[in-house]
Visitor: 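Pasting in a structure now, in structure tokens, and then I'll have a few things to ask.
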Amino acid sequence: MRVDRRALLGGGAGMAVTALSPAAFAGARGDMLDIAYLNARVWTGAGPDMRSDAIGVKGDRIAAIGAAAVRARIGKRTQVIDLQGAFVTPGFIDPHVHFVKASTMLSQPSLRDAATPRAFIDRVAAAARDLPKGTWLQGGNWDQDRWGGEMPNRSWIDPVTPDTPVAVIRYDLHMLLLNSLALKLAGIDRNTPDVPGGVIERDAKGEPTGIVKDAAKELVLRAIGQPTPDEIDAVTRQGIALALSKGVTQVHPTELETISFDSTRRLRAQGETGLRFRHYLPLKDWEAQAALIAREGRGDDWVQWGGCKVVFDGSLGSRTARFYEPYHDDPQTRGIIVTDPADLKRWMLGADKAGLQIAVHAIGDEANDIVLATMAQVIRANGARDRRFRVEHVQHVKPHAFPRFREMGVIASVQPYHAIDDGRWAVRRVGEKRLETSFAFGTLIRSGAHVCMGSDWPVAPIDPLTGLEAAVDRETLDGKNPGGWFPAQRISLAQAMRCYTREGAYAGFNERRMGLIAPGMLADLAVWDRDLFAIDSHLLLKARVLRTIVGGVQRYG
């Protein structure tokens, strides 16, 4: 809302309005603000209770904070915006997304809320009918625990998809269900050898059931092929619009391919991307990234690179997360190791020596221990520096591992929504005892470790409010834990907000540019229709974003 500049110079609602004298505009004309946001309730992010009431913007930066400082720099060309008491926070940073995958799934069929095998089959059948013959049916986000845990197989969907190859993914992104036609096109049959770091599930006769996990998915993805660059860029723009509508101003795609990186680089060549990106590219290809940095640097505030990502184990839902002890509901397995530990160490030594940041996916307790031990070896070998290693997920941890994050300077990159989602059925997988130190956000924060929070979109919604509520309340999605699932791990809203702002910035070496509302920082702001601190935590999901401002420009609202 644009209002008369002079009408706002006297203060907020209910206060007398007074015009400023010419002396109030003293100073160089170039010192005047481009935009002044007045009558706001601002949480600056500098501390749990650090508040202000006005923000001044010049160019893409915050230039002034507080009504007096902002009003003193309002000039004839300043756009004055009355926020009418709206709540303002730093823009949210999501440090773990699968951006193009998630953006593509916005237009693909969803199986997430299929609550019975029949509903699952019917939705696959309906989606197949809408596709041209021979076109791959993708999407999915199915969850077998919604109908009691029975794993789907190709016999469920073969009768309704005779001419449509199907490859629908479980919501954790670690498992695909294929029909028989898709298995044939991917070249998977009873004679296909097992894939290192992956699983081709087979029945008692040795025939593929249609389930492939982790590294075995690559056999299928090669058969499907890649969309065109124009198609990828189009879905990237859709994802950008969605993220901005949720108050997110930067994301960290942590992927095992370069598809998001390539797309955002193309979009950046056309101008500002609207949403900021910091990319983590495949660790195995670290040498190519180091060479790119030598040629072009590390990007800019819109599209950055300089980080590497690797997956070490699988997921809890797929029973491929690596534990010391067997799964309770499948004693034949302790999970899998996706990346050979020798490769992990070799790649990490080289990438770290080249000055690249490293993020490693680790979910099971043994996986977390192996990753932390490898990080310690790399630190000893390459010497002390500000490297900011990251462990992605940190879901199941032995008690002895918690202090190592602070001691080694390793960032715990966690996703609170996973706790209230997996908490519906996790006890069946690993039992009550192991869950006492699972999704232990409170313990990690109290240990003094750096903890950033994100979504893992599309595994969870990109809306940060869902993560805030999960971190604060820890009430599982099935409604069975109204007091919080392992409530000792609940954290305050201020702690969770910090993890989504300042800690997200720190996790990407951006803490001097974003994550905080202060003079000199990038003007990345989220404007909300209510004060998130003034409402019951159970009402957080009712809040709405009114405006999202990135680089001083309103990108949503």
Side-chain angles (χ1 to χ4, degrees), residues 143-146 148-151 170-172 174-175 199 213-214 312-338 360-373 391-407 410 412-449 451 453 456 459-460 470-491:
D143 177 9
Q144 80 277 11
D145 288 290
R146 287 188 179 273
E150 182 184 2
M151 193 66 69
R170 188 180 186 270
Y171 77 95
D172 62 358
H174 285 262
M175 185 189 307
V199 175
K213 304 179 183 181
D214 290 294
F312 186 69
D313 69 339
S315 74
L316 184 69
S318 298
R319 298 184 187 84
T320 52
R322 182 70 171 194
F323 287 92
Y324 285 109
E325 296 135 16
Y327 282 81
H328 283 210
D329 54 358
D330 187 357
Q332 303 304 310
T333 184
R334 295 189 293 122
I336 66 174
I337 290 175
V338 175
V360 185
H361 162 121
I363 288 185
D365 52 20
E366 185 180 9
N368 274 282
D369 275 356
I370 293 172
V371 167
L372 288 171
V391 178
E392 305 297 315
H393 306 306
V394 199
Q395 286 186 5
H396 309 279
V397 181
K398 292 290 188 183
H400 65 257
F402 289 113
R404 301 195 72 188
F405 285 87
R406 177 186 59 79
E407 292 165 0
V410 174
S413 174
V414 303
Q415 299 78 38
Y417 191 87
H418 292 344
I420 64 171
D421 197 353
D422 290 13
R424 294 173 295 129
W425 44 261
V427 68
R428 298 202 298 268
R429 296 285 193 276
V430 296
E432 194 84 10
K433 185 65 178 175
R434 275 187 267 184
L435 294 177
E436 291 176 358
T437 53
S438 295
F439 305 96
F441 314 135
T443 298
L444 284 164
I445 289 173
R446 289 189 294 270
S447 76
V451 179
M453 290 183 169
D456 202 9
V459 181
V472 172
D473 293 334
R474 286 183 72 100
E475 295 181 1
T476 51
L477 297 178
D478 57 11
K480 294 182 179 179
N481 294 274
W485 186 61
F486 294 92
Q489 298 299 340
R490 294 172 62 183
I491 62 175

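Everything numeric here is computed off the predicted structure, so don't read it as measured data. For the single chain, residues carry numbers from 1 onward in sequence order.
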Visitor: Judged by atom type as modelled, is there a donor-acceptor pair below 3.5 Å linking the side chain of R170 to the main-chain atoms of D143?
Guide: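 Absent.
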
Visitor: Take H174 and D214 through the side chain to side chain donor-acceptor pair (under 3.5 Å) test and state the conclusion after the steps.
Guide: CA-CA 5 Å; H174 285 262; D214 290 294; 2.5 Å; yes

Visitor: When rounded to the nearest 0.5 angstrom, what is the spacing between CG in L316 and NE2 in H418?
Guide: 11.0 Å

Visitor: With F323 as reference, evaluate R434, E366, R429 under the side chain to side chain contact (heavy atoms under 4.5 Å, CB included) test and give the passing residue.
Guide: R434

Visitor: So V410 and R404, side-chain contact (heavy atoms from CB on, under 4.5 Å) or not? Walk me through it.
Guide: CA-CA 8 Å; V410 174; R404 301 195 72 188; over 6 Å; no

Visitor: Less than 4.5 Å apart, side chain to side chain, heavy atoms only: is that true for S413 and Q415?
Guide: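 Yes - at least one pair of side-chain heavy atoms lies under 4.5 Å apart.
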
Visitor: Return the OG to CE distance between S318 and M175, rounded to the nearest 0.5 Å.
Guide: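 It comes to 3.0 Å.
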
Visitor: Taking all heavy atoms of F405 and all of A449, pick out the closest pair and write down the distance.
Guide: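 For F405 versus A449, the nearest heavy atoms are CB-CB, 3.8 Å.
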
Visitor: Counting N and O atoms only, with roles assigned by atom type, does the side chain of T437 sit under 3.5 Å from a partner on the main chain of V397, one being a donor and the other an acceptor?
Guide: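 Judged by distance alone, yes, a pair lies under 3.5 Å.
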
Visitor: Taking R319 first and then D329, would you say they form a salt bridge - that is, a charged N and a carboxylate O separated by under 4.0 Å?
Guide: yes

Visitor: Enter the distance from T476:OG1 to W425:CH2 here, rounded to the nearest 0.5 Å.
Guide: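 The OG1 atom of T476 sits 12.5 Å away from the CH2 atom of W425.
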
Visitor: Please check this pair: side chain of D313 against backbone of G364, looking for a donor-acceptor N/O pair closer than 3.5 Å.
Guide: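 Judged by distance alone, yes, a pair lies under 3.5 Å.
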
Visitor: Mark yes or no for whether Q489, through its side chain, and G442, through its backbone, hold a donor-acceptor pair below 3.5 Å.
Guide: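 Checked: pair present.
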
Visitor: Got F486 and N481 here, is their nearest side-chain heavy-atom distance under 4.5 Å?
Guide: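 They are not in side-chain contact.
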
Visitor: Which atoms form the tightest heavy-atom contact between I420 and A470, and what is the distance?
Guide: CD1-CB, 3.7 Å

Visitor: Measuring only between side-chain heavy atoms, which start at C-beta, is H400 closer than 4.5 Å to D369?
Guide: yes

Visitor: How close do R490 and G483 get, counting heavy atoms only, and between which atoms?
Guide: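 Looking at all heavy atoms of both residues, the shortest contact is NH1-O, 3.6 Å.
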
Visitor: Does Y327 reach the main-chain N or O of A321 with its side chain, forming a donor-acceptor pair under 3.5 Å?
Guide: yes

Visitor: Heavy atoms, side chains only, cut-off 4.5 Å: are R334 and R322 in contact?
Guide: yes

Visitor: Please lay out, stage by stage, how H361 and V338 fare under the test side-chain contact (heavy atoms from CB on, under 4.5 Å).
Guide: CA-CA 10 Å; H361 162 121; V338 175; over 6 Å; no

Visitor: Working note: D422 + Q395, criterion side-chain contact (heavy atoms from CB on, under 4.5 Å); need CA distance, chi angles, decisive distance, verdict.
Guide: CA-CA 10 Å; D422 290 13; Q395 286 186 5; 3.8 Å; yes

Visitor: Determine yes or no for a side-chain-to-main-chain donor-acceptor pair under 3.5 angstrom, with D478 supplying the side chain and K480 the backbone.
Guide: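 Side chain of D478 to backbone of K480, a donor-acceptor pair under 3.5 Å: yes, one is there.
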
Visitor: Using the side chain to side chain contact (heavy atoms under 4.5 Å, CB included) rule, pick out the option among V391, N368, I363, V360 that qualifies with F312.
Guide: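 So the option named by the test is V360.
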
